[in-house]
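These notes are about the structure you will find just below.
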Amino acid sequence: GDSVTQMEGPVTLSEEAFLTINCTYTATGYPSLFWYVQYPGEGLQLLLKATKADDKGSNKGFEATYRKETTSFHLEKGSVQVSDSAVYFCALPYSGGGADGLTFGKGTHLIIQP
Amino acid sequence: KAGVTQTPRYLIKTRGQQVTLSCSPISGHRSVSWYQQTPGQGLQFLFEYFSETQRNKGNFPGRFSGRQFSNSRSEMNVSTLELGDSALYLCASSTGLNYGYTFGSGTRLTVV
């Protein structure tokens, strides 16, 4: 079935460093792709999305480009802040045959040090 | 605009018991999906409902069930609880997959 692979971390960076979190996927066709973020003690929040190949999603300084050639959707940010510390999940639609639902990667724990 | 509300926030149950969790979606959202989050398995899709119909189901045993009411509120039930069912259960609502999901804060279930 469809699946998502992402680096699990923890990834520890200093404030203002450049961030890349890798995400690759296996899927039939060209599904929509998502990045969600989970802050401590909270549910998930949609960070950004791309609904077709070559689309770039962006939000709060984060960006990710849908690359069908490499089946990737890597998350990047030019200058991270302490407030970006969270767990980041790459996701795509669940392929169980129905309409909705998401398959998530294992999550990448990001720690930003001042 | 109210978000997705899950109740209760925390729950402790004994092995063998059953439990019902509740989810109230954002007004106007007709799709509700449920997920189990554990440290070992991560986030796993349980099922999705739309207009009171289950449209999609993940790879979980029949002890896990759910339903959706005419006002889009949803419940999930776990019968004959096992220690391994201890997890954070998240509910999400949406107007459609490509619009993304809004998640609730979850119900933390501990089975002892």
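Convention: sequence-line order gives letters A, B, ...; per-chain numbering from 1.
- Options B:Gln44, B:Gln41, B:Gln6, B:Gln37 differ in how many heavy-atom pairs under 4.5 Å they form with chain A, and the most are formed by B:Gln37.
- Under the 4.5 Å side-chain criterion, counting only non-hydrogen atoms from C-beta, B:Glu48 is not in contact with A:Leu102.
- Here CG of B:Asn56 is found 6.5 Å from OH of A:Tyr94. Values are rounded to the nearest 0.5 Å.
- Ring pair A:Phe104/B:Tyr35: centre-to-centre distance below 6.0 Å.
- Remark: A:Tyr30 OH is loosely packed, at most 12 non-hydrogen atoms of other residues, nucleotides or ligands lying under 6.0 Å away.
- A:Ile111 CD1: more than 12 foreign heavy atoms inside a 6.0 Å radius.
- Rounding to the nearest 0.5 Å places CD of A:Glu42 at 11.5 Å from CG of B:Leu90.
- Taking a 6.0 Å sphere around CG of B:Asn71, one finds it holds more than 12 heavy atoms contributed by other residues, nucleotides or ligands.
- There is no contact between A:Gln45 and chain B, counting heavy-atom distances below 4.5 Å.
- The shortest heavy-atom contact between B:Tyr101 and A:Tyr36 is N-OH, 2.8 Å.
- Annotation for B:Arg15: atom CZ does not count as buried by contact number, only 12 or fewer foreign heavy atoms lying within 6.0 Å.
- Within a 6.0 Å radius of CZ in A:Phe18, other residues, nucleotides and ligands contribute more than 12 heavy atoms.
- Residue contact with chain A, scored on non-hydrogen atoms closer than 4.5 Å, is absent for B:Leu46.
- For B:Arg73, the CZ atom sits in a packed shell: over 12 heavy atoms of surrounding residues, nucleotides or ligands are nearer than 6.0 Å.
- Two residues are said to be in side-chain contact when any heavy atoms from C-beta on lie closer than 4.5 Å; A:Leu46 and B:Thr102 fail this criterion.
- For A:Glu16, the CD atom sits in a loose shell: 12 or fewer heavy atoms of surrounding residues, nucleotides or ligands are nearer than 6.0 Å.
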